[in-house]
Amino acid sequence: AGPTTSRSKPQNGDAVRRSRSSRSASRQASKALSRLRRSRRPHRSVTGAIMKAMMVGINFVGGLSGASGHQVCLLGTHSEHNPWNLAHARHSSDCMRLREAVAEEYDTLLQHNVWELVDKPSGANIVGCRWILAKKYDADGNLTKYKARLCAQGYSQVEGVDYTNTFSPVVSSASLRTVLTIAASEDMEIHCMDIKTAFLHGKLEEDIYMKQPEGYEVPGMEHKVLKLKKSLYGLKQAPKCWYQNLNGFLLQQGYARNGYDSCVYSKVSSTGGKTLISVYVDDIVLASSDKSELSRIKKAISLGYNVSDMGEIESILGIKVQRDRTARTITLSQHSFIEEACEKFQVRSYEPVTNPVNKGIDVNINTDTSRRLSTFEAKKFRSLVGTVNWLALWTFPEVAYSIHTLSKRFTSPSANCLAASYHLLRYLWWTEDKGVTPGGPLNLTAYADADFCSANISRWKVSAKSSRSSINCEKLKSTQTLKS
């Protein structure tokens with residue numbers, strides 16, 4: 001933009017006005033210049049180089065403080081300890097380990113015959129791809145292995161051409177806790193298995209073409225593309241293809257799919273032994289009172305897929321599992337996850353609290369008079385609530401109502417909402433070594449309570465009902481009218 005000059009008023013008092021023709025010519029010139037600028041700035045997808053530049057900027061801002069005095073924290077989903085691509089990995093201290101992981105992943109793709117090299121079809125949509133590099137940690141936060149995954153950039157797929165249906169179920173938290181409760185109560189053997197490159201076993205129904213992966217372009221054939229024969233991580237339909245494959249395999253093995261949860265399978269052997277299987281994408285939990293059936297199905301899975309047999313369960317989905325076979329109970333805890341959350345949101349500078357709800361903080365949208373949050377603070381609030389929600393699903397059901405209340409303010413969060421979310425995380429810090437301990441005798445014990453129209457505005461009452469192994473909360477409209 002050129003320098004701006006102030007418009008002066010002539011001495012005779014007549015305003016200086018441009019003629020209609022000059023304004024029209026100026027408008028046309030501006031539009032032409034705009035089109036020229038757009039033509040010089042072609043549309044590009046977000047590449048690794050662009051993301052790296054963004055990370056540099058975010059990390060720089062991460063050392064500063066916000067205008068409101070709050071310390072700025074990184075709210076992205078990608079860890080700053082993981083390189084963005086192969087070029088970035090060359091400058092990492094773990095370069096050799098990451099290169100070995102990439103080579104292992106590429107060899108696995110070739111062994112599974114995932115693609116074939118073909119000429120680029122005319123008019124075909126070519127999907128990009130990128131390497132995802134990461135370090136894997138156990139439930140205690142210890143580094144276990146280096147992981148590399150070639151992922152297709154599914155956001156460039158065209159609906160109706162490259163994919164149709166994408167839905168794929170996973171086992172719910174309530175179902176998995178129920179399976180573990182039954183297994184602990186009946187003293188079953190509980191084992192865990194991890195299927196490597198699970199999505200590569202799914203078969204595609206559509207013709208999908210992809211660019212050659214970075215660092216592995218075939219010399220002299222860089223212009224060619226890969227026609228995918230099997231599903232690949234990142235494709236929109238990949239989870240669905242994998243689930244269909246595993247579901248067919250388990251049905252062939254004589255297992256029946258549960259009518260309530262599509263990722264829970266069961267089988268009763270001829271001797272009366274029960275076997276339960278829970279599936280969360282590529283993580284499988286097997287619980288059985290028949291050791292021979294347990295060995296048989298594990299062997300069948302190992303023959304059909306490339307798996308890592310974890311043996312007796314110690315952790316699942318980052319949740320630490322501790323079993324007391326004498327008391328027939330099992331304890332689920334997420335100590336490491338809470339530690340990371342407290343460090344991410346800098347809760348260590350506050351005192352822990354012993355109650356998840358602070359009644360002195362009003363978060364009701366009709367009566368809350370505190371200031372509205374800035375864009376940055378609002379993102380921070382949503383990220384914090386989402387983090388705690390994961391804990392509420394698995395090991396801290398007592399915070400479910402607080403999460404439900406705060407989630408109502410996602411579109412219009414206030415300072416009170418942010419304070420209430422920090423109060424909730426301070427409670428989790430106080431109870432980080434605790435968890436849920438289902439098991440024991442399978443006698444259903446139910447509890448119910450209600451607070452009798454405590455909501456000042458809506459006059460709703462909150463009723464809670466719970467069994468021995470799970471807690472569910474529901475709202476019922478009060479039939480009573482309180483008069484002041």
Side-chain angles (χ1 to χ4, degrees), residues 35 37-55 77-78 82-90 98-99 101-134 147-168 197-245 281-282:
R35 288 194 297 268
R37 286 173 177 168
R38 285 199 297 269
S39 65
R40 292 177 180 176
R41 191 172 59 248
H43 174 72
R44 294 182 300 169
S45 59
V46 180
T47 61
I50 295 176
M51 294 302 296
K52 178 182 177 181
M54 292 173 60
M55 280 297 299
T77 57
H78 196 286
N82 296 329
W84 286 101
N85 50 32
L86 296 182
H88 189 196
R90 296 190 186 100
L98 292 172
R99 289 180 61 181
V102 170
E104 181 182 355
E105 173 71 6
Y106 187 77
D107 292 339
T108 302
L109 295 173
L110 295 181
Q111 292 173 7
H112 284 80
N113 195 23
V114 177
W115 58 60
E116 60 179 344
L117 194 64
V118 299
D119 293 324
K120 179 181 177 181
S122 177
N125 178 42
I126 308 301
V127 179
C129 64
R130 59 168 295 190
W131 290 103
I132 303 296
L133 310 174
K147 189 78 172 179
R149 185 80 72 195
L150 180 64
C151 292
Q153 295 173 327
Y155 57 81
S156 59
Q157 289 183 263
V158 179
E159 185 177 3
V161 177
D162 298 323
Y163 70 95
T164 52
N165 297 325
T166 61
F167 174 74
S168 177
T197 59
F199 284 7
L200 303 185
H201 296 278
K203 294 183 179 181
L204 293 174
E205 299 176 355
E206 304 84 4
D207 291 334
I208 299 180
Y209 299 91
M210 187 181 73
K211 296 179 181 179
Q212 298 186 48
E214 175 191 4
Y216 289 89
E217 298 87 353
V218 179
M221 299 184 181
E222 292 83 357
H223 62 284
K224 292 192 174 185
V225 296
L226 304 176
K227 181 180 180 181
L228 298 181
K229 298 180 180 180
K230 300 180 180 180
S231 63
L232 192 67
Y233 286 87
L235 294 178
K236 291 184 179 294
Q237 67 268 46
K240 173 178 173 288
C241 296
W242 157 243
Y243 173 76
Q244 290 176 339
N245 182 283
V281 189
D282 54 358

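In what follows, residues are counted from 1 in the order of the sequence shown. Bear in mind the structure is a predicted one, so any value in this text is a computation, not a measurement.
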Check against side chain to side chain contact (heavy atoms under 4.5 Å, CB included), Glu214 and Arg130: CA-CA 7 Å; Glu214 175 191 4; Arg130 59 168 295 190; over 6 Å; no

Expected output: side-chain Lys230 to main-chain His112 donor-acceptor under 3.5 Å: yes

Intermediate values then yes/no, side chain to side chain contact (heavy atoms under 4.5 Å, CB included), Lys120 and His223: CA-CA 8 Å; Lys120 179 181 177 181; His223 62 284; over 6 Å; no

N/O donor-acceptor pair under 3.5 Å between Gln244 side chain and Gly202 backbone: no

Spacing of OG1 belonging to Thr166 relative to CD belonging to Glu159, to within rounding of 0.5 Å: 8.0 Å

CD/Glu206: more than 12 non-hydrogen atoms of other groups inside 6.0 Å: yes

Spacing of CG belonging to Leu232 relative to CG belonging to Leu204, to within rounding of 0.5 Å: 8.5 Å

Minimum-distance pair of heavy atoms, taken over all atoms of Lys147 and Ala101: C-CB, 4.2 Å

Non-hydrogen side-chain atoms of Asn245 and Lys203 separated by less than 4.5 Å: no

Distance, nearest 0.5 Å, that separates OH of Tyr209 from CG of Leu228: 10.0 Å

Atom CZ of Arg99: over 12 foreign heavy atoms under 6.0 Å: no

Separation of Ile126 CD1 from Leu226 CG (nearest 0.5 Å): 9.5 Å

Pair Gln237-Glu205, side chain to side chain donor-acceptor pair (under 3.5 Å): steps then yes or no: CA-CA 10 Å; Gln237 67 268 46; Glu205 299 176 355; over 6 Å; no

For the student: nearest non-hydrogen atoms of Ala238 and Phe199, plus distance: CB-CD2, 3.7 Å

Backbone N/O of Val127 and side chain of Ser156: donor-acceptor pair under 3.5 Å: no

Side chain to side chain contact (heavy atoms under 4.5 Å, CB included) between Val161 and Asn125, worked out: CA-CA 9 Å; Val161 177; Asn125 178 42; 5.7 Å; no

Glu217 side chain vs Gly215 backbone, donor-acceptor pair below 3.5 Å: yes

Minimum heavy-atom distance between Lys211 and Cys129, given as atom pair plus value: O-SG, 3.5 Å

Distance-minimising heavy-atom pair for Ala103 and Tyr216: CA-OH, 3.6 Å

Polar side-chain atom of Glu104 near backbone of Val102 as donor-acceptor pair, under 3.5 Å: no

Side-chain touch Lys224/Val218, heavy atoms, less than 4.5 angstrom: no

Plane angle bin for Trp242 and His201 - parallel if under 30°, tilted between 30 and 60°, otherwise perpendicular: tilted

Donor-acceptor under 3.5 Å (Gln157 side chain, Lys236 main chain): yes

Side-chain heavy atoms of Lys240 within contact of Tyr163, under 4.5 Å: no

Rounded distance [0.5 Å steps], NZ in Lys227 versus CG in Asp119: 12.0 Å

Main-chain N/O of Met221 paired with Gln212 side-chain donor or acceptor, under 3.5 Å: yes

For Ile208 against Asp162, the heavy-atom pair lying closest together: CD1-O, 3.5 Å

Atom pair SG (Cys241) and CG (Asn165), whose distance is rounded to the nearest 0.5 Å: 10.0 Å

Over 12 non-hydrogen atoms of neighbours within 6.0 angstrom of NZ in Lys229: yes

Minimum heavy-atom distance Cys151-Ile132, with the two atoms named: SG-CG1, 3.7 Å

Audit row: Val114, Leu150, side chain to side chain contact (heavy atoms under 4.5 Å, CB included) steps and yes/no: CA-CA 12 Å; Val114 177; Leu150 180 64; over 6 Å; no

